[in-house]
Structures are given as C-alpha cells and as structure tokens.
Amino acid sequence: MPDTIRNRSSQDADLPRGVTDPLLWRAAYDVAAAHRTDESGRCESLLCDGQTAPCDALTAAHRAMELAGDRHAGRAEPETWRTEQRRRAA
C-alpha cells in the first residue's frame, strides 16, 4: 500500500443542504474541480485538450450534482458554478 494518500477536493467541501446522495455529489464535485475554466475560456483539463468551456465533463458534473440532491432546497452552489455563471454574464 502506498505511503501517500491522495485527497480529493470534495473531501474538504461541505455538502450542501438537501443532498440525498453524498457519494454522487462528491464524485461530481471532483470532476467539476478537474474541469475548471481558465482565463481564456477553455477547460484546464488535459483530457479536454483546450475545449471551449463548459466542456462535456463539466456539464455532466453539474447535472450530477443537481441529481444528487433536492433541487428545491436553498443550497449554496459550489465555486465552479458561481465562476461559470459570472463568465457567462460578462
């Protein structure tokens, strides 16, 4: 067994109120964190090879996060969503 333990960003994130499937939400959060948008409006992930954001993986991650909980609960959106919304508004 390796001596190093990898920490995912979702391990440090607080679950939003209303999440009914924490495992799905945390997995989707990690995908969204890995597919952030850079300053030029492209996905930072090497897997996406500079695709225009939002890439398919980020879109699917946001959808999975919605499905992981009660959409009608008043919960705060993760940083990746707020950033994306600001860019679209600009």
message: My understanding is that only residues two or more places apart in sequence, or in another chain, count here; which of them pass side-chain contact (heavy atoms from CB on, under 4.5 Å) with A13?
response: W25, Y29
field: Atom of A61, atom of A32 and distance for their closest heavy-atom approach
entry: CB-N, 3.8 Å
Just list the side-chain donor-acceptor pairs under 3.5 Å for residues 42-53, sequence neighbours left out, or say none.
unit_1: R42; atom_1: NH1; unit_2: G50; atom_2: O; d: 2.9
unit_1: R42; atom_1: NH1; unit_2: T52; atom_2: OG1; d: 3.2
unit_1: S45; atom_1: OG; unit_2: L47; atom_2: N; d: 3.2

query: Of the non-hydrogen atoms in L15 and P22, which two are nearest, and what is the gap between them?
result: CD1-CB, 3.7 Å
field: Between CG on residue D21 and CG on residue L23, distance to nearest 0.5 Å
entry: 6.0 Å
query: Which atom names give the shortest non-hydrogen contact between T37 and L58, and what distance separates them?
result: OG1-CD2, 4.4 Å
task: Would you please name every residue forming a side-chain contact (heavy atoms from CB on, under 4.5 Å) with A34, sequence neighbours left out?
output: none
task: Could you tell me whether the side chain of R36 and the main chain of A33 form a donor-acceptor pair under 3.5 Å?
output: yes
